[in-house]
Amino acid sequence: MSASLTFWKPGTVGPGSNLDRASEVEGNIIPYAPSHSLLSTQGQLPISKHREKLLYCVEKYGATIVVGQTGCGKTTQLPQYLLQAGWADGGHVIACTQPRRIAATSVAARVADEIGVKLGDEVGYTIRFEDVSSKERTRILYMTDGMLFRETLVDPLLSRYSVIMVDEAHERSVYTDLLLGILKKIRQKRPSLRIVVSSATLDATKFLDYFSQGGSEDDAVIVSLEGRMFPVEVAYLKEPTPDYVRKAAQVVWDINLQQNSGDILVFLTGREDIERCLEELAHMLPTLPPRSIRLIPMPLHAGLTTEEQLQIFQPAAPGTRKAIISTNIAEIRVYNPTTALASLATVPVSVASATQRAGRAGRTSPGICYRLYPMSVFTTLPPTTSPEITRTDMTTPILQLKSLGIDDLMKFDWVSAPPAETVLRALEGLLAAGMIDEYGRLTMIGEQVSECPVEVGIARMLFYSKDHKCGEEILTIAAMTAVQDVFVIPDGAAGALAELERRKFTAEEGDHFTLLNAYNAFTRYGRSSGWCKSHALSFRAMSRAVSIRSQLKKYMQRFNLPIESCEGDSKRLAKCLVSGYWRNGARWTADGTYRSVRGNMVLSVHPTSVLFTRKPRTGWVIFHEMEETKKTQYVDQNMRVLTITNGAFSG
DNA sequence: ATGTCAAGT
């Protein structure tokens, strides 16, 4: 059924003119997969053929590694098979963890629907701030992996679970890795626990080796489910492109002109590229020939509201075609343990995720994948993306591991170990903060802080608010620092107006006080979204801050920390802030930059900080975080940009 | 005189 693909003949306008085909095909033009198949998990479920094999393996092996494409049905079906096979008998629970909240909730809803039960009864989900499950009735529980990891602090053997399925393990999020490490340990003490590790890529042997190591032959097995259902043709550029965003727009345009049906899904590295790609397409749209399919470009990234994100699932109207311009994780956070500096780096896609993405075009019909680089580049790509645990700050996770009784971190059986320097840096920080003693043992405050779902410094600040009698305000500041993008400042003329609104909250003392003002005003004016809109605030961010604040308040009450107001005494508040940020001090210099107290690094204030246009009265500031940015139009390349607040280093 | 962003508790 395939095709001579006329648009690829030399000399024609379009992707064909500069594309190399990976495979020759014959017949008519291959139709594109409709968008629901690109983005959702509907369609046939090849997993059903493997039902008996899977159940046999879970029964016999401690860890079953399941390899199958996203959408093959493992996430929704396997827990149901386990339920039918009796794994939830005797009050036991089958857990399925996801790296993202949206996945945990949407999958739970679908499975409840399939079984025909009310969500929250036999089938439920648990994510932060939302527990839609029943302690007595829930048999299949979907949850974020971070949530289950946290549960180990309360129940170290996770005794209510009979089977734990760690889904999307190939993504290697920090919590997935930590959870796998803990699960292996739990199995030594509780061999009846069964582990299912689900991976969409072939690097699953890594998990097999991990769970086989140090055990008997019955410890781990791989079950491979059927691969992609329809052929996906892969096309490459003949020459590398100097501007891949523009190229992406051109290819989208050419596909629209030359293909009769189906939607288009594009992966770019970040929000900025998405905006630019949409602009390019907007310029081209008026030149669309009459009677051709109407192209509807749609952005997709985490900065959108949930409603906006859900819109992409709506089928395109007749005569139209969606082009979804989406982010991926090509832009990853890297962390330098020597300088404790995090920055965002654009890295090449890995072979594993490029393969997985191509598979998305073949869910319900044959499809085509256009790679915007030459085939020769593909062979040089790294096989997989490095696990997050190898490139992130580990202070909080290590405190949590300590709390679980895992003291010797060098000997901990990591799936992938964090760099030794990262571990040392974390231990050093915990020691300085008084969370561990010189022997590496948890202190009393360390034990309590390990339970708090905020960064160590922020938690420390909450505990010290008792001494400064300002728990009320510190609670708010702690919650506000945990949400991002509080102020909404658009580009252009609207931005200038928004800037004026923001100034109404601005406090001379710095960003933390400004955030406090914004929060207090938000609650004073009835927590309305309309009020936020007219005051340049994000209603979503503010509402989240309210949730986080009430959660943190419960922790403070549990630890008998008083929630008193400082009654407008900003000095007291500033002193308390320093107790959390005492390691993040910087000194003003005459050229307008700062020098960090630790490391004497050159720092610049981020333009979103209220201190961007101010000189600190005392010459000293504390700051929330420092991060290396891409924009280096500063005096020299070593300049750091940071979010900063004027603290109380007056001394 | 100027602006990083995938995800989680």
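Keep in mind that this is a model prediction, so the values were computed, not measured. Chain letters run A, B, ... following the sequence lines, proteins first and then strands; every chain starts at 1.
- Nucleotide B:dA6 holds its C1' atom 13 Å from the CZ atom of A:F267, rounded to whole Å.
- Atom CZ of A:R128 is separated from atom P of B:dA7 by 16 Å (rounded to the nearest Å).
- Rounded to whole angstrom, the span from the CD atom of A:E455 across to the P atom of B:dG8 amounts to 16 Å.
- Nearest nucleotide to the side chain of A:R544, out of B:dA6, B:dA1, B:dT9: B:dT9.
- Residues A:I548 and A:V483 have side chains in contact (heavy-atom distance under 4.5 Å, counting atoms from C-beta outward).
- Here A:T144 lies in heavy-atom contact (under 4.0 Å) with sugar-phosphate atoms only.
- Annotation: A:F207 is not in aromatic contact with A:H170 [ring centroid separation under 6.0 Å not met].
- Using a 4.0 Å cut-off, no side-chain N or O of A:T613 falls inside it from OP1 or OP2 of B:dA1.
- Geometric assessment of A:K184 against the ring of A:Y210 yields a positive cation-pi assignment under the 6.0 Å and 45° thresholds.
- The residue A:R150 sits close to a base: some heavy atom pair falls under 4.0 Å.
- Computed from coordinates, the A:E625 CD to B:dC5 C1' distance equals 11 Å when rounded to whole Å.
- Rounded to whole Å, atom C1' of B:dT2 lies 11 Å from atom CZ of A:R502.
- A:I127 comes within 4.0 angstrom of the backbone, heavy atoms only, and of no base.
- Here the C1' atom of nucleotide B:dA6 and the OH atom of A:Y175 are 16 Å apart, to the nearest Å.
- Comparing B:dC5, B:dT2, B:dA6 by their nearest atom to the side chain of A:E272 picks out B:dC5.
- For the pair A:Y142 OH and B:dG8 C1', the computed distance is 20 Å after rounding to whole Å.
- Under 3.5 Å, the side chains of A:E625 and A:Y581 contain no donor-acceptor pair of N or O atoms.
- Side-chain contact between A:P299 and A:L278 is present, with at least one heavy-atom pair separated by less than 4.5 Å.
- The CG atom of A:L153 sits 10 Å away from the C1' atom of B:dT9 (whole-angstrom rounding).
- In terms of phosphate contacts, A:R101 brings a side-chain nitrogen or oxygen within less than 4.0 Å of OP1 or OP2 of B:dT9.
- Position along DNA chain B of the nearest nucleotide to A:Q400 versus A:E499 favours A:E499 as the more 5'-ward residue.
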